[in-house]
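A short worksheet on the structure shown next.
Note that the coordinates shown come from a computational prediction; the quantities given were computed from them, not determined experimentally. Values below: all heavy atoms of this structure, side chains included; hydrogens, waters and symmetry mates excluded.
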Amino acid sequence: MVAMLEVKPLKYLRPLAAILFGLLLITGAGSGPVPRATPAPQDDTQKKEIRVWVNTNSGIYHCPGTRWYGATKQGKYMGECEALKAGYRAAYYRPCGTDCKK
């Protein structure tokens with residue numbers, strides 16, 4: 001009876017190992033991770049400024065994707081840094097994210 005208990009695990013172990021090995025070959029897990037292209041670091045001349053909608057009546061600018069972006073009666077599009085230099089403020093005091101260090 002002891003001999004039968006030792007034989008049964010081997011009966012299932014070999015097919016299980018073969019299946020796992022086959023899955024490893026199919027998925028290519030042994031080849032390692034696929035290298036991804038990393039974006040080149042941007043210098044100050046390549047950074048793009050976010051275009052905002054300035055409500056010229058209230059003096060508030062709105063970021064793209066917000067409710068009032070391009071929807072107020074009076075306004076114009078300009079860069080976020082340009083709007084800040086002109087004295088406009090962000091809606092709800094939440095800037096869009098342009099780095100205006102210059």
Nearest atoms (heavy-atom pairs only) where M78 meets V54:
CG-CG2, 3.5 Å

Just by modelled atom types, is the I50 backbone N or O under 3.5 Å from a matching donor or acceptor in the T98 side chain?
yes

Evaluate the side-chain proximity of P95 to E80: yes if any heavy-atom separation is below 4.5 Å, no if none is.
yes

Point-to-point distance, once rounded to the nearest 0.5 Å, from NZ of K76 to CH2 of W53
10.0 Å

Under a side-chain separation threshold of 4.5 Å, the hydrophobic residues clustered together with W68 are none

Would you please name every residue forming a side-chain hydrogen bond (donor to acceptor under 3.5 Å, both in side chains) with T56, sequence neighbours left out?
none

Carefully, step by step, assess L84 and Y61 under the rule side-chain contact (heavy atoms from CB on, under 4.5 Å).
CA-CA 9 Å; L84 288 170; Y61 69 85; 3.8 Å; yes

Contacts of type side chain to side chain contact (heavy atoms under 4.5 Å, CB included), residue C63, not counting sequence neighbours
T66, C96

Members sharing I60's hydrophobic cluster (side chains within less than 4.5 Å):
none

Could you list who else is in Y93's hydrophobic cluster, with ILVMFWY side chains joined at under 4.5 Å, directly or through other members?
none

Using the ring-ring contact (aromatic ring centres under 6.0 Å, His included) criterion, which residues pair with Y69? Sequence neighbours excluded.
Y77

Could you state the interatomic distance from NZ (K73) to CG (N57), rounded to the nearest 0.5 Å?
10.0 Å

Would you find a donor on one side and an acceptor on the other, under 3.5 Å apart, between the side chain of E49 and the backbone of D99?
no

